[in-house]
There are 2 protein chains.
Amino acid sequence: MHEQLAIGEAARASGVKVPTIRYYEQIGLLPSPPRSEGNRRLYGEGDIRRLAFIRHARELGFEIEAIRTLVSLQDDPDQPCAAADALAKQHLETVEQRIRSLTALKGELEAMVEGCRHGRIDECRVIEVLADHGQCRHAHH
Amino acid sequence: MHEQLAIGEAARASGVKVPTIRYYEQIGLLPSPPRSEGNRRLYGEGDIRRLAFIRHARELGFEIEAIRTLVSLQDDPDQPCAAADALAKQHLETVEQRIRSLTALKGELEAMVEGCRHGRIDECRVIEVLADHGQCRHAHH
DNA sequence: CTACATCCTCTAGCGGCTAGAGGAGCAAGC
DNA sequence: GCTTGCTCCTCTAGCCGCTAGAGGATGTAG
């Protein structure tokens with residue numbers, strides 16, 4: 001029986017750091033837990049689960065606002081899950097877009113690095129490409 | 001002959017927004033230009049070129065600190081370009097790493113979305129996976 | 001009883017801008 | 001000359017998602 005955990009133990013159990021837990025409480029993402037006689041926060045199992053949920057969603061790159069919606073959905077299990085699905089899909093698109101533009105950047109950087117003859121700055125391909133945008137096939141966002 | 005440009009014209013010519021130009025001056029990335037009688041900033045061609053250089057480097061995802069080095073290299077054309085090359089290579093690696101982890105996330109998100117049966121929240125795969133980390137093969141950073 | 005860990009609150013900082021207030025300057029039309 | 005409306009100036013605060021640190025209270029082990 002370890003019903004009530006101090007914030008440090010909650011941090012260890014959930015993988016969310018102590019100041020981050022306090023921060024989540026401050027922005028209203030985590031409810032304010034009850035306090036001990038000595039004014040310390042006491043977390044129950046439900047809180048730990050919610051923290052782990054938040055942490056995993058953050059690791060998957062969801063924004064706090066999206067997570068706010070996801071946790072409220074989680075608290076309301078009778079609702080249809082279309083909203084959660086939509087959020088995940090939307091986020092998937094964002095991630096795909098990000099991968100596409102990073103891949104384009106990767107191509108440009110590779111061209112820069114390959115073109116470098118390791119001579120002096122004034123004939124350096126890296127600096128050249130940066131100075132003259134026209135030299136690269138940068139697809140604009 | 002349009003030697004001296006006001007900040008708005010410099011912004012249009014370089015593609016860097018007005019407040020961003022002032023910000024770059026404030027952090028010492030762009031030298032403080034001379035002023036007109038009426039205290040307005042006056043930019044020459046060299047400034048426009050530097051701004052375009054910075055903008056392009058930012059578009060390629062270089063951090064301000066890296067750009068600080070790159071512009072100082074650019075100003076010193078007799079130096080060997082190993083330093084510029086190293087910066088570009090290092091950045092390329094960062095970008096590749098970022099692509100790898102985003103691709104992993106993409107896989108997880110796809111699994112979540114595909115697994116969703118569009119029923120109620122309490123049987124929603126999206127919420128489930130978020131709640132229980134063990135259900136996904138998330139490779140930890 | 002003394003260390004030492006953990007907790008508390010509060011404020012400020014990170015990067016890279018962006019937004020807004022409140023005011024001065026300037027060019028064109030009447 | 002006067003007004004309109006645009007650009008410019010400085011200064012401060014806000015964005016996101018934390019992270020760090022000051023300065024103090026509380027809890028626990030030896």
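As the structure is a prediction and not an experimental result, all values here were calculated from the model.
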5' priority, DNA chain C, between Gln26(A) and Gly38(A) [closest heavy atom]: Gly38(A)
Provide, to the nearest angstrom, the distance between the CZ atom belonging to Arg35(A) and the C1' atom belonging to dT6(C). 14 Å
List the steps, then state whether salt bridge (charged side-chain N to carboxylate O under 4.0 Å, His left out) holds for Glu114(A) with Arg125(A). CA-CA 9 Å; Glu114(A) 269 163 39; Arg125(A) 175 102 179 113; over 6 Å; no
What is the distance, to the nearest angstrom, from the CG atom on Leu51(B) to the C1' atom on dG16(C)? 15 Å
Start with the C-alpha gap between Lys106(A) and Glu110(A), add the side-chain angles, then the distance that decides, and say whether salt bridge (charged side-chain N to carboxylate O under 4.0 Å, His left out) holds. CA-CA 6 Å; Lys106(A) 175 169 173 276; Glu110(A) 276 168 352; 3.3 Å; yes
Could you tell me the separation between the CD atom of Glu37(A) and the C1' atom of dC7(C), rounded to a whole number of Å? 15 Å
Mind calculating the distance between CD (Glu25(B)) and P (dC9(D)) to the nearest angstrom? 9 Å
With B for base contact, S for sugar-phosphate-only contact and - for none (protein heavy atoms under 4.0 Å), nucleotides 15-25 of chain D reads --BBS-----B
Separation of atom CD1 in Ile21(B) from atom C1' in dC9(D), rounded to whole Å: 14 Å
So if I take every side-chain heavy atom of Arg41(A) and compare against dC7(C), dT9(C), dT10(D), which nucleotide ends up nearest? dT9(C)
Might you work through the salt bridge (charged side-chain N to carboxylate O under 4.0 Å, His left out) test for Arg68(B) and Glu65(B), ending with a clear yes or no? CA-CA 5 Å; Arg68(B) 234 183 256 280; Glu65(B) 278 318 298; 3.0 Å; yes
Could you tell me how far apart Glu9(B) (CD) and dC8(D) (C1') are, to the nearest whole angstrom? 12 Å
ring-ring contact (aromatic ring centres under 6.0 Å, His included) involving Phe62(A) - partner list, sequence neighbours excluded: His91(A)
Could you walk me through whether Arg50(B) and Asp75(B) pass the salt bridge (charged side-chain N to carboxylate O under 4.0 Å, His left out) check? CA-CA 10 Å; Arg50(B) 169 157 295 196; Asp75(B) 289 345; 2.4 Å; yes
Under-4.0 Å side-chain N/O to phosphate OP1/OP2 contact, Arg22(A) with dT9(C): no
Backbone of Ala6(B) reached by a side-chain donor or acceptor of Glu9(B) within 3.5 Å: yes
